[in-house]
Amino acid sequence: MTAVPELTSDVAANSVDDAGLSISPDVRGPLVVSLDGQYVWSLTPTRDGRLRGSTRFVSWPDALRPHLHGRARVAVTDPTRAVTWFDQEVRLGSGVGRIRVVDPSGHPLCVDKVGHLARAFSATDPGVREEILVGTGRALRNLREGCEVEAYLNYGLLLGAVRDGAMIAHDSDVDLCYFSRHSSPADLIGESYRIERQLRDAGWRALRMSGGDIKLLLPLSDGRTCHIDVFAAFRVGETFYQLGNRSGRIPTSAILPTSTIELHGHHFPAPADPEAMLAFLYGPGWRVPDPSFKYADPREGVRRLDGWLRGFRTHMGRWSQFFQGEQVGAVPRQGSDFARWVHRQLEPRDAVADLGSGSGRDALFFAARGRRSRAYDFSRPARGTVRKRASRRHLQLDVHPLILGELRTVLAVGADLAREQRHLYARHLIGCLDEAERHNLWLLARMALRGGHSLFLEFAALGEGVAEPVPDGLVRRLDPKDVSREIAAAGGVVEHLEVGPGEDMYDDPDPRVCRMRVTWRRQEEDR
Amino acid sequence: MTARRIGSVSNARAQVSVRLRRGKELYRRTRLGARTLRARVEALEAEVQEQRQLNRRIAELTDVVAELLIPIADRNEEQARTLLEDYRKNLV
């Protein structure tokens, strides 16, 4: 390793502190940051930083910050580690102990290309790497033979196979694509639904990320889960689209018929012209390793893909982080005041469905009082927390997913609840929803409450000089008049409305909270 | 200065003043036009995005009809419940 004395000894030019890195503006290319020899992050100063005095400053990624407490030998080098720009023992944050960027099982983590912490392939032992490759092969066979789509290896694994003959050290997941013959987005989405069902029937655990991409979860023997993304690729008019967010011009002949590529002794289907695909994905400089590479996806293409395929899980990632992080610990566990208020109004044997149950405090409150209680939430970590707490307390509680931005789950849950006699309960839910999601909630309530039960709502209400509720950016205040109008337009009747001081989700005082009881027309009244 | 000359200077000043006013008015309309055009383009982009979102809604409704309502049509209550639960489990 060659140190660059005139730079590393110049503290003003290259330094590391709690805020981030300050690098000489002469440093242009991609850089790799290691802590005590462990790779954690890549950056390109000219793209990721800003000039600040005589240096270029790049702040630490948000995902990394919670780990930056203690001491570590911080090294900032080029990707080949031939040139060192900084190499010193540094004290960050609390300064206590050694800095460790690891998961709860102690496995090393690094910042991936979308800013999340993930386990890189370089931190994976050969046996587990083999499991990933076998799993990748199985997914491709299921797609090509079971689902009958032209699936192929793509993105990082393709790049590694073609350029290096190996998995890329800094990569952390597997990306597969399939070329769809559909040019209508509606048909493409319908095909993706069919593919998802067939993959589940083949034994995969799958998550739907958008109308055109599915994430398969491959459990590994080291305790973690490898994500295998299955992305749709398709043409609309002259433009080729490939999920994540790529769009542009590439002839179909560069993709089909698929070729075969070898990676660590495994053979996988690949695009017909892998190099043309790599140039399409990464630009003409794809042969030069750049761990800090970020996609510069065409803006118009991203807008189209967002409009056609996305919109039902916009905040799911942030809520999942919330339910997996420290903030959820501050949410009280006992039932809320609103839950007690509702409980007093119900008959002893009335059943309740808690929509947007979060940590489950109120669903568990109702179950503990002998009610048939059910919890619905769109966040997988939240549902996991509720199940654990119910199990620990030996309480009977069904927990189900409900994604209010996804009409299929809304209709399926509505149809399910229509067969039951349950009140609906939604505390601090509607402030988290956009207009389309609220309309789906009223639709669900209309389906579920035909038998005369009620929807109980509590939400932070708009008012003069009142601060936005917490968590920041995930909840907002609503005008009770607007909510009443929406409910009336959906056929509901607001039987009770009160606005006054109440509590937020942490049970801290909120000066303006609205409570409503809403009914929908009983079936008999329709006859 | 002769009266004719005074009149001539006065005319020239009036003409300059009229031209300045017209120029300002033209500038104001151009700025307003640009803002209006921008607002119209933004509104059009939002409308196009709304239409794009219908694709997912169409696919969702088609899926519910084809995969749930049709199979459920001639089942008994117990079979209908099982079908509904299976459909729901395969969604997320």
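Protein chains get the first letters and strands the later ones, always in sequence-line order, with residue 1 at the start of each.
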For this session: With a 4.5 Å heavy-atom cut-off (strictly below), which parts of residues 182-198 of chain A touch chain B? List them by number.
Result: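 Counting heavy atoms that sit under 4.5 Å from chain B, the residues of residues 182-198 of chain A involved are A/Ser184, A/Pro185, A/Ala186, A/Ile189, A/Gly190, A/Tyr193, A/Glu196, A/Arg197.
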
Exercise. What parts of residues 303-310 of chain A touch chain B if we use heavy atoms and a cut-off under 4.5 Å?
Worked result: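 So far as heavy atoms go, A/Arg303, A/Arg304, A/Asp306, A/Gly307, A/Trp308, A/Leu309, A/Arg310 are the residues that approach chain B to under 4.5 Å.
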
Problem set entry | Among the listed options B/Gln51, B/Glu77, B/Glu50, B/Lys89, the residue most often paired with chain A at heavy-atom distances under 4.5 Å |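 Option with the greatest count: B/Glu77.
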
For this session: Mind ranking B/Val64, B/Asp63, B/Ile72 by heavy-atom pairs under 4.5 Å with chain A and telling me who comes out on top?
Result: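 Ranked by contacts with chain A, first place is B/Asp63.
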
For this session: Walk me through it: do A/Val413 and B/Arg88 pass the test side chain to side chain contact (heavy atoms under 4.5 Å, CB included)?
Result: CA-CA 7 Å; A/Val413 168; B/Arg88 197 177 36 71; 4.0 Å; yes

Exercise. So do the side chains of A/Arg419 and B/Leu84 get within less than 4.5 Å of each other, counting heavy atoms only?
Worked result: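 A/Arg419 reaches B/Leu84 side chain to side chain.
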
For this session: I would like to know whether A/Leu407 and B/Leu61 meet side chain to side chain contact (heavy atoms under 4.5 Å, CB included); could you show each step before the answer?
Result: CA-CA 7 Å; A/Leu407 192 56; B/Leu61 287 169; 3.6 Å; yes

For this session: Counting only heavy atoms closer than 4.5 Å, note whether B/Leu91 contacts chain A via side chain, backbone, both or neither.
Result: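 Contact with chain A is through both the backbone and side chain of B/Leu91.
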
Problem set entry | Per-residue contact mode, B/Glu45 against chain A (heavy atom under 4.5 angstrom) |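 Looking at B/Glu45, backbone and side chain both touch chain A.
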
Problem set entry | Portion of A/Phe312 that has a non-hydrogen atom of chain B nearer than 4.5 angstrom |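 Backbone plus side chain of A/Phe312, per the 4.5 Å heavy-atom cut-off to chain B.
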
Exercise. Could you give the distance from OG1 (A/Thr409) to OH (B/Tyr87), rounded to the nearest 0.5 Å?
Worked result: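 Reported to 0.5 Å precision, the distance equals 9.0 Å.
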
Problem set entry | A/Arg205 atom CZ, over 12 foreign heavy atoms within 6.0 Å |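 Count not over threshold, so no.
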
Exercise. Take atom CD in A/Glu238; do more than 12 heavy atoms of anything else shown fall under 6.0 Å from it?
Worked result: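 Atom CD in A/Glu238 is not crowded, with 12 or fewer foreign heavy atoms closer than 6.0 Å.
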
Exercise. When heavy-atom pairs shorter than 4.5 Å are enumerated against chain B, which of A/Arg208, A/Glu406, A/Arg380 gives the highest number?
Worked result: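 With the most close heavy-atom pairs to chain B, the winner is A/Glu406.
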
